[in-house]
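These notes are about the structure you will find just below.
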Amino acid sequence: MIQVGIIGSGFIGPAHLEALRRLGNVQVVALADSSLEGAQQKARALHVPHAYGCVEDLLAHPGLQVVHNCTPNHLHADVNRQILLAGKHVFSEKPLCMTGEEARELVQLAEQTGVVHGVSFVYRQFAMVQQAASMLRAGSVGRLFAAHGSYLQDWMLLETDDNWRVDAALGGRSRTVADIGSHWCDTVQFVTGQRISEVMADLSIVWPTRKAGNVARPVSTEDLGSVLIRFADGSKGSFLVSQVSAGRKNRLSFEINGSERSLAWDQETPQQLWIGERLRPNQLLSDDPRLMNDDVAASAHFPGGHIEGWPDAFKNMMAQFYQAVQDGHMPENPSFASFHDGANVMHIIDAIMKSHLEQRWVRVES
């Protein structure tokens with residue numbers, strides 16, 4: 001059994017724990033949080049045998065092989081750095097860190113230590129997203145013309161909606177783009193096999209202040225934004241991100257237009273891939289393993305018609321990461337997102353923020 005520790009017990013920590021327990025060869029033995037009392041309470045609730053009140057104590061746990069960083073954004077870089085310096089395999093929540101400089105440092109450190117490293121970009125792990133990527137690789141979509149879409153939520157719609165992510169000191173200078181736009185960028189780059197090379201962004205703060213009780217605090221992070229993109233191969237695209245779109249709970253969607261056909265996917269109906277045709281009827285493909293391309297059929301685990309969703313995509317991601325841990329090294333071309341992918345998306349976010357401030361096209365650093 002691979003011995004694992006988790007740092008951070010908010011919403012996402014237990015999601016990691018649930019996915020890991022489905023693998024069969026992984027045991028979560030320790031949990032750390034900002035206080036020992038809080039960690040002990042959460043560990044008891046989640047049936048984790050050991051609890052720690054700081055990162056250093058968890059890293060010293062005997063036999064620990066892998067650590068998951070599920071802390072708030074502003075802690076990601078420092079905690080990832082500590083895990084790497086301790087020589088543990090590391091799986092980080094996104095964003096990898098808060099700046100491009102931190103991203104470059106973490107990638108270099110991960111390469112130097114030789115550990116297996118992953119970042120939690122989960123949407124590429126849905127079966128129909130895997131199918132779309134397989135179709136692009138096989139050439140059945142033809143030459144890439146455009147990729148466009150959106151990631152829409154409504155949980156920050158009201159002026160009284162508040163969260164630690166609103167505070168730039170805790171969540172970073174970008175909120176909506178970094179929080180959910182990062183997922184869209186990673187997913188579409190994975191599907192198309194193309195890197196976003198340039199961006200033109202226009203961001204908006206719809207509530208200049210947010211009210212928590214009788215206290216109103218100024219807001220400096222964006223609620224929504226639209227971004228034009230250019231890919232490295234010369235194809236184009238655009239996306240809209242919003243946390244203030246009423247009725248949209250968690251809608252990541254994309255459409256790929258090629259010279260042969262189009263593909264479209266929506267995370268709120270994740271088991272369907274729309275295939276658009278010019279000279280014959282359109283198709284709606286479901287995630288039946290028997291109907292999918294052979295190289296990705298294993299990403300759907302049940303016969304067609306059996307519901308699979310976000311937790312199953314999360315399990316796919318963890319299964320791939322822990323196969324690499326079991327092998328003892330990073331794959332040459334990992335299908336899970338690595339620190340390299342996390343750094344790339346960090347550079348895209350930096351370019352988007354710069355583009356908005358300067359109102360011009362900005363090249364994404366490599």
Side-chain angles (χ1 to χ4, degrees), residues 73-74 76-77 94-107 119 121 123 144-153 156 165-208 218-245 251-257 337 339-366:
N73 295 3
H74 70 290
H76 285 185
K94 58 83 200 166
L96 176 62
C97 48
M98 299 264 276
T99 69
E101 290 75 20
E102 290 174 338
R104 279 185 281 271
E105 177 199 356
L106 291 171
V107 166
V119 179
F121 285 124
Y123 294 100
L144 177 64
F145 287 170
H148 47 96
S150 62
Y151 196 157
L152 309 177
Q153 299 175 333
M156 296 298 290
R165 291 175 176 84
V166 175
D167 186 344
L170 301 178
R173 63 193 181 112
S174 169
R175 173 167 35 99
T176 306
V177 171
D179 190 26
I180 58 178
S182 58
H183 276 300
W184 193 92
C185 292
D186 178 77
T187 303
V188 169
Q189 288 189 135
F190 173 76
V191 170
T192 62
Q194 293 293 326
R195 291 292 196 189
I196 295 171
S197 60
E198 291 181 275
V199 298
M200 168 69 92
D202 189 23
L203 311 181
S204 178
I205 298 171
V206 301
W207 293 114
V219 174
S220 64
T221 55
E222 77 281 354
D223 294 301
L224 62 85
S226 54
V227 185
L228 294 173
I229 55 178
R230 293 171 178 163
F231 291 98
D233 70 344
S235 53
K236 309 293 176 65
S238 64
F239 66 95
L240 174 71
V241 287
S242 170
Q243 293 178 328
V244 290
S245 296
R251 188 174 187 258
L252 186 157
S253 63
F254 64 77
E255 182 170 320
I256 310 296
N257 303 132
F339 273 28
H340 294 281
D341 298 303
N344 166 253
V345 171
M346 197 70 244
H347 295 319
I348 294 173
I349 294 167
D350 282 352
I352 288 172
M353 299 306 292
K354 184 176 182 180
S355 173
H356 170 68
L357 289 173
E358 300 180 3
Q359 288 294 285
R360 65 178 180 88
W361 282 96
V362 172
R363 180 165 289 280
V364 177
E365 294 184 19
S366 57

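Along the sequence shown, residues are numbered consecutively beginning with 1. Just so it is clear, the structure is predicted and the values come from calculations on it, not from any experiment. Only heavy atoms go into these numbers, but all of them, side chains included; no hydrogens, no water, no symmetry mates.
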From CA spacing to verdict: side chain to side chain contact (heavy atoms under 4.5 Å, CB included), Val345, Ser182: CA-CA 6 Å; Val345 171; Ser182 58; 3.5 Å; yes
Whether Arg360 and Glu198 form a salt bridge (side-chain N of Lys/Arg under 4.0 Å from carboxylate O of Asp/Glu) is what I want to check.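 A salt bridge is absent here (no side-chain N lies under 4.0 Å from a carboxylate O).
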Under 4.0 Å between a side-chain nitrogen and a carboxylate oxygen: does that hold for Lys94 and Asp341?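 So Lys94 does not pair with Asp341 through a salt bridge.
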How many angstroms lie between atom [atom1] of [X] and atom [atom2] of [Y], to the nearest 0.5 angstrom?
X      : Y      : atom1 : atom2 : result
Glu105 : Thr99  : CD    : OG1   : 8.5 Å
Leu170 : Asn73  : CG    : CG    : 9.0 Å
Ser242 : Arg251 : OG    : CZ    : 12.0 Å
Asp202 : Leu228 : CG    : CG    : 9.5 Å
Ile180 : Phe239 : CD1   : CZ    : 10.0 Å
Met98  : His76  : CE    : NE2   : 9.5 Å

With Ser174, which of His356, Glu222, Arg165 fulfils side chain to side chain donor-acceptor pair (under 3.5 Å)?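 The residue from His356, Glu222, Arg165 that satisfies side chain to side chain donor-acceptor pair (under 3.5 Å) with Ser174 turns out to be Glu222.
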Keeping [X] on the side-chain end and [Y] on the backbone end, is there a donor-acceptor pair under 3.5 Å?
X      : Y      : answer
Trp361 : Ser355 : no
Gln153 : Val244 : no
Ser235 : Ala146 : no

Qualifying residue, where the test is side chain to side chain contact (heavy atoms under 4.5 Å, CB included) with [X] and the options are [options]:
X      : options                : answer
His148 : Asn257, Val188, Ile229 : Asn257
Leu224 : Ile205, Val177, Val206 : Val206
Tyr151 : Thr187, Asp179, Val241 : Val241

Evaluation steps, salt bridge (charged side-chain N to carboxylate O under 4.0 Å, His left out), between Asp223 and Arg175: CA-CA 7 Å; Asp223 294 301; Arg175 173 167 35 99; 2.8 Å; yes
Answer whether the closest heavy-atom distance between the side chains of Gln243 and Thr176 falls below 4.5 Å.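 Side chain of Gln243 against side chain of Thr176, heavy atoms only: contact under 4.5 Å found.
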Tell me, do Asp186 and Tyr123 make a side-chain contact under 4.5 Å, heavy atoms counted?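 No; the side chains remain at least 4.5 Å from each other.
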